[in-house]
K.L.:
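So that we are looking at the same thing, I have put the structure below in structure tokens.
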Amino acid sequence: MATRLQFENNCEVGVFSKLTNAYCLVAIGGSENFYSAFESELADVIPIVKTSLGGTRIIGRLCAGNKNGLLVPHTTTDQELQHLRNSLPDSVVVQRIEERLSALGNCIACNDHVALAHTDLDKETEEIIADVLGVEVFRQTIAGNILVGSNCALSNRGGIVHPHTSVEDLDELSTLLQVPLVAGTVNRGSEVIGAGMTVNDWTAFCGSDTTATELSVIDSIFKLREAQPSSIVDEMRKSLIDTYV
Amino acid sequence: MSALMDQDSSGMFKVQQTIGSVVCCKCGVPMPPNAANMCVNCLRSEFDITEGLQKSIQIFYCPECGCYLQPPKTWIKAQWESRDLLSFCIKRLKNLNKVRLKNAEFVWTEPHSKRIKVKLTVQAEVLNGAVLEQSYPVEYTVRDNLCESCSRFQANPDQWVASVQLRQHVSHRRSFFYLEQLILRHDAASRAVRIKQVHQGIDFFFGNKSHADSFVEFLSKVVPIEYRQDKQLVSHDVKSSLYNYKYTYSVKICPICREDLICLPSKVSSSLGNLGPLVVCTKVSDRITLLDPRTLRCAFLDASQYWRSGFRSALTSRQLVKYSVFYVEPPVGEATVGGQKYALSYVLIARESDIGKMLTVQTHLGHILKTGDQALGYDIYGANVNDDEMDEYRLHGRLPEAILIKKCYDKERERKKGKPRAFTTKKLPMEMDESRGGRGVDPGKMENEYEEFLRDLEENPELRFNISLYKNKNYQESDETASMTDGEGAPTVPIEELLAELELSEEGEGDGEDDMDE
């Protein structure tokens, strides 16, 4: 079930948090409300780690990870790196990358099996991604935009991409990623999906501006409702592209 | 994958892009993606771009002249549901510069309902660059309000602010006929409130001092005038020191006319290089052209030069008498003066009333006179002139016996008697001055003078230059050609110079050609 929340009156939840199937990172904020929202959903299941990266709070856009590993940019300090290594489970490999494009969260969109990467990423980085995260890497653009991490939100069960993505692109991406995709918006018509929400296999968090319609789209594409009344699926069928290969 | 591949001009394969559809973030209806990612209805319900725009407004209309008020003081003439009215209505709306106006049109309302409805379509940017278009009606309430000039006119229809009193102290009205045609041609008196004909002149009344000013300037360009301006206090606002005046211009036209014989005073004669002393006035425009018939020399006097000496003519066109020409000697000299050719020669003439007495005189009309012609001229020998200088010259025997002025076409005109002319002229709307009894204008005399004026026009192409003559609808061409076979006819206005009357009808306009090339 998707939850609506705000970080210090800002609806861009995906900027200040990173959610995977094995852990959750949140930024250090002024009030504890953000943290408690995550806690109430995820407390006993996965560890929730409060951190900063390179002294900044925009951790969601700086790092990229899945249940196998976490990649952080070269701006991360040693203390932060150590803190992360300590707090995260041992199965998660934390690796710092030397890469010119340091906002890894904007450049890489990944789930546990496959990742989309910025077209200008180094060859080395691509290898590291494949190695650490254990995924197959595809260099792609979404709706003509090279920042794939910001323009899509991806989980193992589905994904939402930028609303201006054409039908052919959607087909192609869906085939690559092997998950159903839909072009949609979040936060009352915002096109930057990756920054507006964060998702894993059983839960999602979006900004409080998200309308009920958007929320229902999120719920259905990421299959967050176990028992789906079929009428909603039928209603949504026109706007959904269900291409399983 | 079944993407369609096209080949474009550069040789690269380009995948065809079909726009997908997303769900409106508010209402869930599928729609193509746009900048706001909301469907049009949701956008409209969210943002009202017509907020803060005027939807109803009052405008003032003058029922007398059909004008609408643009505050503070301008009145704009516009027809019901015309483009002018539409642009006026839109201008009256405030705040319309915040949105972009795409379209405006009238919605039909009953003409007597005193309401005008305009439907405006505006575009404005909302949210992230999405442009929203919306149309809305604006209602105008029309209130009747007489404009200033109409109310002033209603209060006192004879009201004028400036008047021009045009006078010429001569016994005929030829100059005024010519001036009338000039005024019509140049539309100089279009703003006159009233035009009144008086003895030896015309009065023009204007609603505005500047109109009178421009009229006097126009006059100074076409005839030599002298004028003075006076004003009379009508009312006085003490508190704001505003004075209301009535202005009067007294304009005098120089009394020298065409074809007048003038005996120049010795001072003037010597200042013009010993011209004359007898000279003929050949043309009056903004300058007087004086021609010495014996030497074919010409002089020009403009208004200020004339009024310095202020001489009067010795003999005017009333005193022209008919002469028969018996013999014309070949010309001894020729000259072209002011575009007109003259030839100096000796002729043998005799007065019609006194055929026995033959005179040999010098004349400047050698180029047009032939044996057997008739001519009009002044009989200086027999004339009784009240002129001191002329008496002096007569004493010394230095005056010619007669001076011919122009050729006479009376015989040719006999043939055309009773037949209408090829052209007509328009007239100014003048009131006659009834009040003065004996000194009023005699209508019979006016008719004769007007007939002579029209004859003058026919004979002199240079006179016709600045005036408009219109085709006479009643005139039949066949009459003209019949008389033409009898040899040389009287001079007439060639048909190319005539304008057809402008008839404004529903189907179109019938405007004739105008070839005024001399």
Side-chain angles (χ1 to χ4, degrees), chain A residues 4 11 140-145 151 160-176 181-193 196-197 206-207 209-221 231-243 245, chain B residues 1-52 98-100 102 122-135:
Chain A
R4 286 192 267 213
C11 297
Q140 266 291 341
T141 65
I142 298 182
N145 212 311
N151 286 320
I160 303 187
V161 291
H162 191 285
H164 289 168
T165 315
S166 66
V167 173
E168 288 82 13
D169 274 2
L170 216 48
D171 278 345
E172 189 182 335
L173 286 169
S174 187
T175 320
L176 278 179
L181 294 177
V182 72
T185 66
V186 79
N187 282 341
R188 195 171 250 278
S190 166
E191 297 164 341
V192 195
I193 324 277
M197 62 177 288
C206 11
D209 272 352
T210 312
T211 61
T213 320
E214 289 167 337
L215 218 50
S216 58
V217 171
I218 293 170
D219 279 347
S220 58
I221 196 65
S231 58
I232 295 184
V233 173
D234 290 341
E235 208 181 288
M236 290 299 178
R237 198 166 288 280
K238 272 187 249 153
S239 52
L240 289 184
I241 312 286
D242 278 357
T243 46
V245 171
Chain B
M1 208 161 64
S2 61
L4 293 153
M5 307 275 210
D6 296 328
Q7 198 160 13
D8 76 353
S9 51
S10 67
M12 278 175 49
F13 280 118
K14 264 190 116 175
V15 183
Q16 185 187 352
Q17 307 278 4
T18 337
I19 314 279
S21 79
V22 289
V23 175
C24 163
C25 66
K26 272 189 80 177
C27 59
V29 58
M31 50 161 240
N34 62 33
N37 291 314
M38 281 200 257
C39 66
V40 183
N41 293 329
C42 291
L43 262 182
R44 270 220 190 107
S45 64
E46 193 94 5
F47 303 99
D48 181 14
I49 52 177
T50 66
E51 196 180 356
K98 290 203 191 122
V99 296
R100 209 169 355 137
K102 267 281 144 175
V122 291
Q123 264 184 5
E125 190 190 298
V126 298
L127 179 66
N128 292 348
V131 176
L132 192 61
E133 190 177 289
Q134 194 173 340
S135 45

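In what follows, chains are A, B, ... by sequence order, proteins preceding strands, each numbered from 1. Remember, it's a predicted structure, so these values are computed and weren't measured experimentally.
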K.L.:
A:Glu214 and A:Met197: side chain to side chain contact (heavy atoms under 4.5 Å, CB included), yes or no, with the steps?
P.N.:
CA-CA 11 Å; A:Glu214 289 167 337; A:Met197 62 177 288; over 6 Å; no
K.L.:
For the candidates A:Val186, A:Thr210, A:Thr185, which exhibits the highest count of non-hydrogen atom pairs separated by less than 4.5 Å from chain B?
P.N.:
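Top option by heavy-atom pairs under 4.5 Å: A:Thr185.
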K.L.:
What residue in B:Gly20, B:Cys25, B:Pro32 has the most heavy-atom pairs under 4.5 Å with chain A?
P.N.:
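Highest number of pairs under 4.5 Å: B:Cys25.
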K.L.:
Counting only N and O atoms by type, is there a donor-acceptor contact under 3.5 Å from the side chain of A:Asn187 to the main-chain atoms of A:Cys11?
P.N.:
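Confirmed, A:Asn187 side chain pairs with A:Cys11 backbone.
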K.L.:
In terms of heavy-atom proximity below 4.5 Å to chain B, should A:Thr165 be classed as side chain, backbone, both, or neither?
P.N.:
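Only the backbone of A:Thr165 comes within 4.5 Å of chain B.
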K.L.:
Donor-acceptor pair, A:Thr211 side chain versus A:Arg188 backbone, under 3.5 Å?
P.N.:
no
K.L.:
Knowing that exactly one of A:Val217, A:Leu170, A:Val161 qualifies, which makes a side-chain contact (heavy atoms from CB on, under 4.5 Å) with A:Val182?
P.N.:
A:Val217
